[in-house]
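Quick notes on the structure that follows.
Sequence lines set the chain letters: A, B, ... in the order given, protein chains first and strands last, and positions in each chain run from 1. Computed from heavy atoms alone, side chains included, the values below leave out hydrogens, waters and symmetry copies.
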Protein chains: 2
Amino acid sequence: MKGIRQLAEHLDISIGTVSRALNGKPDVNEETRRRVLVAAEELGYVANQSGRSLRQGTTNVIGLMIESSKETTENGDNFFLGLTGGLQSVLSRHKLDLIMLPCPSDEDPHEYLKRMVARRVVDAMIISATQRIDKRIDLLSRTKIPFVTLGRSASGSNYPWIDLDFDGVANSAVDRLVAHGHRRIAIAAPSNDINLGFIFLDGYRHALERHGIAFDPSLVIRVKSSEQGGYQAAHEILLLEDRPTAVILIYELMAIGLYRRLTEAGVIPGRDLAVIGFREEPRAKFLQPTLTCFRMSLPDLGVELAETLLATMPAYSHFYPEGARNCIWPLELVPGESDGFHLGNNGQRRQ
Amino acid sequence: MKGIRQLAEHLDISIGTVSRALNGKPDVNEETRRRVLVAAEELGYVANQSGRSLRQGTTNVIGLMIESSKETTENGDNFFLGLTGGLQSVLSRHKLDLIMLPCPSDEDPHEYLKRMVARRVVDAMIISATQRIDKRIDLLSRTKIPFVTLGRSASGSNYPWIDLDFDGVANSAVDRLVAHGHRRIAIAAPSNDINLGFIFLDGYRHALERHGIAFDPSLVIRVKSSEQGGYQAAHEILLLEDRPTAVILIYELMAIGLYRRLTEAGVIPGRDLAVIGFREEPRAKFLQPTLTCFRMSLPDLGVELAETLLATMPAYSHFYPEGARNCIWPLELVPGESDGFHLGNNGQRRQ
DNA sequence: CTGAAAGCGCTTACAG
DNA sequence: CTGAAAGCGCTTACAG
């Protein structure tokens with residue numbers, strides 16, 4: 001089966017009627033519609049997307065841009081695959097398809113996005129890993145293509161975003177540690193320009209302030225967002241003269257490398273150094289002592305992202321009357337042993 | 001900037017010349033070409049993909065279908081992201097873009113593929129997770145869309161595929177275990193219809209045969225391809241009356257669950273039960289005792305997949321004169337402690 | 001309820 | 001070397 005023309009010929013009716021029947025337009029005789037649907041199914045006809053898109057001006061495809069940096073792939077980040085289910089559950093209600101657009105690691109993300117947008121392969125975009133200054137946001141705003149970002153940025157203004165509650169994480173982690181007597185609390189923050197590092201740092205400073213603890217820049221350890229980064233962070237902490245008694249990590253995989261370096265040095269997490277990890281991660285699940293970290297639902301976040309995106313699209317916004325919310329996505333503390341909270345202040349196990 | 005018409009008007013030349021200049025056709029005055037390229041860059045013009053595709057009959061997009069089953073995403077499989085770099089390094093040579101098509105978990109993969117193919121959103125497809133009987137292969141063959149599968153199947157005939165060397169893994173794992181005195185060797189195989197389970201089982205049976213060991217069906221433990229599956233496998237092994245002394249796993253994440261269950265039972269891998277894992281995985285890297293497993297390069301596999309695919313596409317096959325090879329992708333043994341090989345046959349550490 | 005026709009944005013023979 | 005025109009496969013006013 002080639003095109004709608006062949007199908008129409010086979011049924012001996014006009015292509016206009018075939019098209020209307022297939023697209024569920026109301027003004028079609030029900031018997032005609034039935035015949036068309038049966039024949040289409042039989043002959044395996046599905047409308048050519050380029051023809052549709054060109055005529056309609058929409059592709060019915062939503063793009064999820066993935067930055068497949070070496071770091072991400074080496075560390076096996078399953079974050080995006082975790083989002084797709086939730087995204088699709090919403091998009092499929094509107095017959096929209098989701099495609100993932102992996103930006104080659106040797107291509108500039110901005111250039112890549114520009115190309116994809118200009119070619120009009122998608123009706124809307126979801127981007128993530130926002131930088132503090134992120135030209136992609138200006139680009140998307142300028143071209144007026146609907147989009148939502150996972151992650152805030154200092155770029156743009158009044159654009160739809162959703163972000164994790166880094167502030168909340170910083171607060172509850174610091175509170176928890178301070179309640180246990182810690183005053184020297186380090187953080188391992190990403191060394192690149194990704195915005196979450198800045199947001200977390202802010203939250204951390206404010207939390208310290210609330211407790212009347214002076215901010216010490218030497219306790220902000222900047223490392224790569226990876227296992228290796230965690231290893232490096234532990235290494236630097238061990239070298240500090242006035243060593244911190246606690247550390248908060250800002251990337252899920254850091255804990256693994258950090259544990260490794262600590263273990264090499266005979267430093268036991270939870271006993272000798274309190275550790276609070278970031279997002280709960282299957283891979284960090286088997287660390288001993290168990291890691292105190294934060295839990296969130298990736299599929300639910302996917303749903304939220306999709307709904308926020310659709311709320312910005314004229315053709316769908318009436319389904320989502322709340323409009324595009326700038327949502328701070330909550331994380332829930334999962335207590336483990338790594339912050340020594342199960343021990344009393346004297347280091348003995350609580351009863 | 002909207003379309004080629006606006007760009008042509010702005011330059012005061014015809015759209016045909018603009019198109020030819022942009023597409024690098026030879027018969028264009030170099031000065032004209034320069035002006036066109038400059039103006040396009042300036043005004044951010046990029047050809048609308050639907051227009052191009054409709055006219056040319058090709059999309060210049062290659063699709064990588066992803067099955068995002070719950071198992072896969074929950075377990076955070078980074079397999080596909082690991083492939084993209086290699087795939088893109090080849091595809092970009094030909095100005096082809098890679099998109100990932102995640103099949104919703106509630107949609108039948110065959111129906112999903114059918115829809116994507118019929119809509120002509122891609123010029124060619126890469127599919128994976130082939131089943132023993134996989135209708136997708138017949139579908140793709142029938143519709144004559146170029147494709148390559150990652151994984152063999154009993155379906156179809158003479159189609160391009162690449163698969164991991166399960167036979168080689170089975171052989172070298174069994175050989176290694178037998179050399180160490182094991183005669184009762186279990187395998188933990190996937191319980192679904194995925195073809196690799198059958199291929200591995202065959203390899204395992206032949207390897208046993210070579211060593212004159214009778215095949216015992218009770219030693220084939222069928223579980224899910226996940227951490228949980230590994231846990232379940234260990235559980236079932238522990239319940240066996242005539243317990244095996246060794247087990248070979250056929251999915252990378254099983255080792256983690258298996259270790260957990262063994263540890264609960266006080267059974268130490270390498271000492272009380274020899275364990276050989278499948279693909280080396282960052283997450284399994286920190287298991288103690290270290291896991292004996294098999295290493296492969298995902299990026300290189302991506303390159304191979306892309307080249308095999310292009311060899312089947314008329315427009316590109318002359319670049320890849322070797323044609324579409326049915327390639328068995330090798331894996332290399334990475335010795336660890338989990339199979340007790342570092343110990344002598346008497347259980348003492350070797351010198 | 002159906003058909004004939006226009007036109008979405010492009011590329012590519014064809015003519016000059 | 002350039003322009004005018006056809007046509008890729010569809011959807012959608014418009015007319016009947």
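Heavy-atom distances under 4.0 Å link DNA chain D to L54(B), R55(B) of residues 50-59 of chain B, given in residue order. The stretch residues 19-34 of chain A comes close to DNA chain C through R20(A), D27(A), V28(A), N29(A), T32(A), each having a heavy atom under 4.0 Å from the strand.
Although no hydrogens or angles enter the test, the distance criterion places a donor-acceptor pair under 3.5 Å between the side chain of Q88(A) and the main chain of P102(B). For the pair N326(B) (side chain) and W161(B) (backbone), a donor-acceptor distance under 3.5 Å is present.
For D27(B), the CG atom is densely surrounded, since the number of other residues' heavy atoms within 6.0 Å is greater than 12. Residue E31(B) qualifies as enclosed at atom CD: its count of foreign heavy atoms under 6.0 Å is above 12.
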Revision key, fill the gap. Its dot-bracket string being built from Watson-Crick and G-U pairs below 3.5 Å, with | for another strand and [ ] for crossing, DNA chain D has the pattern |||.||||||||.|||

**Study point:** Audit row: E111(B), R136(B), salt bridge (Lys or Arg N to Asp or Glu O under 4.0 Å) steps and yes/no
**Key:** CA-CA 9 Å; E111(B) 285 304 315; R136(B) 295 179 303 170; over 6 Å; no

Check your understanding: For I127(A) and L140(A), what are the C-alpha separation, side-chain angles and deciding distance, and is it a side-chain contact (heavy atoms from CB on, under 4.5 Å)?
Key -> CA-CA 10 Å; I127(A) 66 171; L140(A) 292 167; 4.0 Å; yes

Check your understanding: Stepwise, does the side-chain contact (heavy atoms from CB on, under 4.5 Å) test hold for I126(B) with L87(B)?
Key -> CA-CA 10 Å; I126(B) 304 167; L87(B) 285 169; 3.7 Å; yes

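Taking the six-membered ring where tryptophan is involved, the planes of F147(A) and Y159(A) are essentially parallel, since the angle between them stays under 30° and well short of 60°.
Contacts of R115(B) classified as salt bridge (Lys or Arg N to Asp or Glu O under 4.0 Å), with partners at least two apart in sequence or in another chain: D97(A), E107(B).
For an aromatic pair to be called close, the ring centres must be under 6.0 Å apart, and Y320(A) with H94(A) satisfies this.
Residue I15(A) is classed as a base contact, given a heavy-atom separation below 4.0 Å to a base.
Mapping heavy-atom proximity under 4.0 Å, the span of DNA chain D touched by chain A runs 5' to 3' from dG9(D) to dA13(D).
Look at E307(B) and R93(B) and you find a salt bridge, because one of the NZ, NE, NH1 or NH2 atoms lies within 4.0 Å of a carboxylate O, short of that distance.
Sequence neighbours left out, not one pair with a member in residues 120-133 of chain A passes salt bridge (charged side-chain N to carboxylate O under 4.0 Å, His left out).
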